[in-house]
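If you're wondering where the values come from, they're calculated on a predicted model, not measured in any experiment.
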Amino acid sequence: MKANEKNAKLPAQLLARSGYQKKTKCDRCGFTARHKEQMSIAYLDGSNLNVSRGNLRSVCSNCKIEMERLGSNWDIIADY
């Protein structure tokens, strides 16, 4: 396996090891999803290598798109 392939898989491996499970309720807008596929994981500091519990939030697809368009997670507050 090439170094680039290993680096591409690292965030997913770190997330799996952290044990974080997506919620069915959006931490940003409160939307309740029928399916977990409607939810994504947001990293408060923007780094997908930081998988500490204080950095991870579950957000709905609409909020994820808005946050990407705005370029920040400006209105998700850490809950620690």
Side-chain angles (χ1 to χ4, degrees):
M1 185 180 294
K2 295 181 180 180
N4 288 343
E5 291 174 4
K6 283 185 181 179
N7 290 341
K9 292 181 180 181
L10 184 61
Q13 292 170 345
L14 291 172
L15 187 60
R17 278 192 234 144
S18 76
Y20 185 80
Q21 296 292 316
K22 288 188 281 187
K23 301 173 195 170
T24 55
K25 187 172 183 177
C26 180
D27 289 328
R28 183 170 180 250
C29 72
F31 169 76
T32 301
R34 289 186 181 174
H35 308 283
K36 284 197 175 185
E37 292 81 16
Q38 293 175 290
M39 303 297 289
S40 296
I41 296 175
Y43 299 84
L44 293 180
D45 69 358
S47 171
N48 62 355
L49 297 177
N50 180 359
V51 293
S52 64
R53 296 273 178 172
N55 191 46
L56 303 173
R57 297 291 176 271
S58 296
V59 294
C60 67
S61 297
N62 287 336
C63 286
K64 182 75 171 181
I65 291 167
E66 280 187 7
M67 291 179 343
E68 288 172 356
R69 189 185 66 214
L70 295 171
S72 71
N73 298 332
W74 56 273
D75 57 355
I76 298 179
I77 300 168
D79 62 359
Y80 51 88

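Rounding to the nearest 0.5 Å gives a distance of 4.5 Å between CZ of Arg28 and SG of Cys63. Leu56 CG to Asn50 CG: the interatomic distance, rounded to the nearest 0.5 Å, is 7.5 Å. With values rounded to the nearest 0.5 angstrom, Asn48 atom CG is found 9.0 Å from Leu15 atom CG. Here the straight-line distance linking atom OG of Ser47 with atom CG of Leu14 works out to 9.5 Å at 0.5 Å rounding. Rounding to the nearest 0.5 Å places CG of Asn62 at 11.5 Å from CE of Met67.
No path of Ile, Leu, Val, Met, Phe, Trp and Tyr side chains, each step under 4.5 Å between heavy atoms, connects Phe31 with Ile65, placing them in separate hydrophobic clusters. Tyr20 is connected to Val51 through a chain of hydrophobic side-chain contacts under 4.5 Å among Ile, Leu, Val, Met, Phe, Trp and Tyr, so both are in one cluster.
The backbone N or O of Gln38 sits less than 3.5 Å from a side-chain atom of Ser61, completing a donor-acceptor pair. Lys64 places a side-chain N or O within 3.5 Å of a backbone atom of Ile41 that can act as its donor or acceptor partner. In this structure a side-chain-to-backbone donor-acceptor pair under 3.5 Å is present from Lys22 to Met39. Panel note: side chain Asn55, backbone Leu44; a donor-acceptor pair is recorded below 3.5 Å. Under a 3.5 Å cut-off, the side chain of Asp27 and the backbone N or O of Ser58 do form a donor-acceptor pair.
Listed here is the closest heavy atom pair of Cys29 and Cys60: SG-SG, 3.8 Å.
Around atom NZ of Lys25, no more than 12 heavy atoms belonging to other residues, nucleotides or ligands sit under 6.0 Å away.
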